[in-house]
Every structure is written in C-alpha cells, then in structure tokens.
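Just below is one structure, and these are the notes that go with it.
One-based numbering, in listed order, for ligands and for the atoms of each. Hydrogens, waters and symmetry mates are skipped; everything else that's a heavy atom, side chains included, is used.
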Amino acid sequence: MKKPEDTRVVVGMSGGVDSSVAAYLLKQQGYDVIGVFMKNWDDTDEFGVCTATEDYEDVIRVCNQIGIPYYAVNFEKEYWDKVFTYFLDEYKAGRTPNPDVMCNKEIKFKAFLEHALKLGADYLATGHYAQVKIIDGEYKMLRGKDVNKDQTYFLNQLSQEQISKVMFPIGHMDKKRVREIAKEAGLATATKKDSTGICFIGERNFKEFLSKYLPAQPGRMETLTGEIKGFHEGLMYYTIGQRHGLGIGGSGDPWFVVGKDLERNVLLVGQGYDNDALYSDAIIATNVSWVSDKEKPAQFSCTAKFRYRQPDHGVTVTLLGNNTARVEFDEPIRAVTPGQAVVFYNGEECLGGGTIDQIFKDNERLKYVG
Ligand SMILES: Nc1ncnc2c1ncn2[C@@H]1O[C@H](COP(=O)(O)OP(=O)(O)OP(=O)(O)O)[C@@H](O)[C@H]1O
C-alpha cells in the first residue's frame, strides 16, 4: 500500500456539498488530491446562463479553500452518445430509463475514470453514498451508511475492476455530518441546496424538455377493458404507477397509469392505488452485471430493489445466460417498471443489477406493461 502523500486521487467535483467534503477529507488525510469538474451537458439558457458554469465556479472556490489544483474536462460528446441517446431510445420504446445508472457505468466510472488514471491517479473519488471494502480478497460494494442517501442503486453496474480504483470518502457518514463538516471547514458549498432530478433536466419542466427531442403523440386513455377515460399528451410523459397529471375526475378512488399500448398509442389506466393490474410477481432482467468476478450459482435467493428508495424485497434469481436473469418475487410488487434498474443485495452488500425488461404475473407476461 502506498502512503497517502504518494497516492494521487482525482476527485470528481460537481460543485455540490458532498464532493466538496469528499475532496476536503482526502486532503486532510494527506492524499495528493486534484479536483476535476466534468462538463457533460450544455444547458445555456436564453440569457446565456449555464448551471455548469455556476457549478464550476463553486468547484474553483472550494478547491482554492482546500488548497488543491483543479480543472474541467468536457465529456459532452461521450455523454450524448452513451447516455442521452439511450435515454431517448428508451422513451421511444415506451419505457422509463435511468440515465444516472448509465452515466455511472459509461461516463463517471469509465471515460472519467480512464481520464483520471491517465493523469497518474491511483484512485477516482466521488461524493457518492456507498462504500467499498476488501472482504475475502475481493472488492465489495456496500450500501452507504446513511440509509436515506444510499446510492448503490445507481452504482449497480460497476465491476470489480472499476470499484478497485474508486474511493467514496463520505460513504460511511450521514448527510447531516457531511453538512456539519462543510460548515466547520467554512466550505463555499456548505449550505448549497442538493441537486434534484435528472442532471441534464435539472429544475426544468420535464415535458417541455422531452418534447424538444421527441415528438409528442397525444392519444386516448383507456381502462384495460377498453373504456375510454380521457386523453393523454404523449405516452413518454407517463410512467407505471403514476397518479398525477391524468386529469381523470369523478367520484371514487384516484386513477393510476397501469400500462401502455404502444401500437395503438393508448395509455392504460386503472382505479385505486392497489389496483390488481399494477402488481406483478416476476421479471426478466437484461444487462445483468455483478460486482464480483466469482461465478454465481445458477439460482440463488437475495433481496432486490426495483426503484430507488424502495424497501428491499425477497427474490429468487435464476441466471439465463447472456447477462439475462429471471427474478421471481417472494410477494407481488406494485408498479415494477420496464427500463428502470433492478438491483440485488445480500444484507449490506450490493451484488449488482440489471434493467427491468419483461414483467410477469402468474407465469404470464403482462404485455400491457412490458
Ligand atoms: N459534473 C461533475 N463533475 C465531476 N464529478 C461529478 C459531477 N457530477 C457529479 N459528480 C460526482 O458524482 C457524485 C454523485 O453525483 P450526484 O449527482 O449524485 O451528486 P450529489 O449526491 O448531489 O453530490 P454533490 O453534493 O457532490 O453534488 C458527486 O458527489 C461527484 O463526486
């Protein structure tokens, strides 16, 4: 093991409080730290204001306070090709993509990691709430200590090789403590608001943003039995289990999106949060990848999350080859959505994950969902 002063760490700095504290802590521990800001998206508005420029200014302030070198790199092309194209393709296919998972896999921990290594870095550090530990001679990815902030869901596609080069300096802390450290150290980002939503959409109106890239095709809303309930503005604006924005009035329980009929451009709706049509008991996952290089048994039990911040559900995983797996749920689960990630856990350890592709109930594929 090299000594901290001989160990170069590139910190991915977003201009937020988490990565500021990550860089601060590493510098305190004596590492040779470089702050690097990635520009992935040009969101200059009609007034010439770009949040990336503002964020980079915060990076500069913090790096000057900590006393570390900094600079910016541009990955707009890579981001467009690997993340944004996938994002649009998934919406076109009627699914609900997860660009953060793709960004971690293809940009932050691939293009950006390679860039850091070229700079002579031994490690890339980020302000993610996750932990890496060596257990039984293998790198394991563990949930962040702050259960409300744990980000392993978004990191599920990382490999053994990738996490062997990664540090998560705040993964063992609560968000509250991170803010306290930032305040104690007087960092410029100490009270900066957390970013929300998909990074390139930010606070903007999602519909307006998406309509710039994909033509919206309005159509009918129907129940599964074909009763017309109203009109939708374009299937891509809706996701399974969604309640808001349907505009179906009347008495009784509220209405929810239960599926999409792409061929007929019809949004399928059902009444009641617990509508039976929203429940499924198995999926086929694609793009399945595991953090460990060790061979997995053909079938095993573990827990899984089907969306961020969902409690863990007991599942049985059967490997089908070609990075595909069948996942059977111990109990039916509500609103499992094609395109989102399924992420597997064994206790605190994140085992890996995949993309939710096909949805089943009682061994029958629910074609209206995916
Ligand atoms: N533009 C960027 N350039 C470099 N690194 C980035 C950038 N955006 C995010 N990261 C890295 O990825 C981590 C997680 O990003 P995420 O968007 O989830 O931010 P966050 O949890 O709000 O953290 P922060 O408070 O640092 O913004 C950040 O802490 C940072 O290390």
Side-chain angles (χ1 to χ4, degrees), residues 9-27 33-43 50-63 66 68 70-76 78-79 83 98-116 119 121 123-132 141 144-146 148-156 158 162-163 165-171 173-183 187-203 308-309:
V9 186
V10 161
V11 182
M13 298 194 68
S14 61
V17 66
D18 296 332
S19 46
S20 301
V21 170
Y24 171 77
L25 291 173
L26 291 171
K27 174 72 178 170
V33 184
I34 305 176
V36 182
F37 175 77
M38 242 186 333
K39 189 168 178 216
N40 293 334
W41 192 259
D42 187 355
D43 67 348
C50 169
T51 42
T53 313
E54 293 169 3
D55 287 337
Y56 187 45
E57 282 164 8
D58 283 331
V59 169
I60 296 174
R61 276 188 208 110
V62 170
C63 289
I66 305 175
I68 58 169
Y70 58 83
Y71 65 94
V73 285
N74 193 309
F75 283 114
E76 278 174 65
E78 289 82 350
Y79 195 86
V83 182
N98 198 318
D100 289 342
V101 171
M102 195 56 102
C103 177
N104 284 329
K105 180 188 168 96
E106 295 291 345
I107 308 296
K108 280 185 197 164
F109 298 99
K110 195 164 186 179
F112 190 49
L113 172 61
E114 279 164 15
H115 179 80
L119 291 173
Y123 295 98
L124 170 66
T126 63
H128 280 103
Y129 288 85
Q131 309 184 67
V132 174
M141 182 160 66
K145 189 191 153 228
D146 188 333
N148 290 317
K149 296 297 285 182
D150 170 41
Q151 286 175 309
T152 49
Y153 182 81
F154 301 108
L155 299 167
N156 75 77
L158 300 193
Q162 285 167 308
I163 64 165
K165 305 258 176 354
V166 163
M167 284 175 148
F168 298 129
I170 61 162
M173 290 179 179
D174 287 340
K175 177 85 192 198
K176 206 169 138 254
R177 182 71 195 123
V178 171
R179 286 252 178 226
E180 274 169 17
I181 293 175
K183 280 189 195 143
L187 300 182
T189 51
T191 56
K192 188 168 169 179
K193 221 172 97 208
D194 284 345
S195 54
T196 50
I198 296 169
C199 56
F200 51 83
I201 302 179
E203 307 279 308
Y308 182 47
R309 292 222 166 109

Compare every heavy atom of Asp42 with every heavy atom of Glu76, then report the nearest pair and how far apart it is. OE1-CB, 3.5 Å
Between Ser20 and Ile66 the two heavy atoms that sit nearest each other are O-CD1, 3.9 Å
Specify the protein heavy atom at minimum distance from [atom]: its residue, its atom name, and the distance to 0.1 Å.
atom	value
atom 3 (N) of ligand 1	Met38 N, 2.8 Å
atom 19 (O) of ligand 1	Ser195 OG, 4.4 Å
atom 12 (O) of ligand 1	Lys108 NZ, 3.1 Å
atom 13 (C) of ligand 1	His128 CE1, 3.6 Å
atom 11 (C) of ligand 1	Gly12 O, 3.8 Å
atom 28 (C) of ligand 1	Gly127 N, 3.9 Å
atom 23 (O) of ligand 1	Asp18 OD2, 3.4 Å

If you apply the rule side chain to side chain contact (heavy atoms under 4.5 Å, CB included), what do you find for Tyr123 with Val166, and how did you get there? CA-CA 5 Å; Tyr123 295 98; Val166 163; over 6 Å; no
Basic-acidic side-chain contact under 4.0 Å: Asp18, Lys175: yes
Check this for me, if you would: do Arg177 and Glu180 make a salt bridge, where the nitrogen-to-carboxylate-oxygen distance has to be below 4.0 angstrom? yes
Below 30° counts as parallel, above 60° as perpendicular, anything between as tilted: where do the rings of His128 and Phe109 land? tilted
Parallel, tilted or perpendicular: rings of Tyr308 and Phe154 (30°, 60°): tilted
So is Gln151 in contact with ligand 1, going by heavy-atom distances below 4.0 Å? yes
Of all the heavy atoms in Val17, does at least one lie under 4.0 Å from an atom in ligand 1? yes
Where ligand 1 meets [X] - atom numbers and elements under 4.0 angstrom, heavy-atom basis:
X	value
Val36	4 (C)
Ser14	2 (C), 6 (C), 7 (C), 8 (N), 9 (C), 10 (N), 24 (P), 26 (O), 27 (O)
Thr126	31 (O)
Met13	2 (C), 3 (N), 4 (C), 5 (N)

Looking only at distance, does Phe112 have an N or O less than 3.5 Å from an N or O of ligand 1? no
N/O separation below 3.5 Å, Ser19 to ligand 1: yes
Check the pair Arg179 / Asp174 against salt bridge (charged side-chain N to carboxylate O under 4.0 Å, His left out), numbers first and verdict last. CA-CA 9 Å; Arg179 286 252 178 226; Asp174 287 340; over 6 Å; no
Between Asp100 and Tyr153: side-chain donor-acceptor atoms closer than 3.5 Å: no
Minimum side-chain heavy-atom gap Leu187-Tyr24 below 4.5 Å: yes
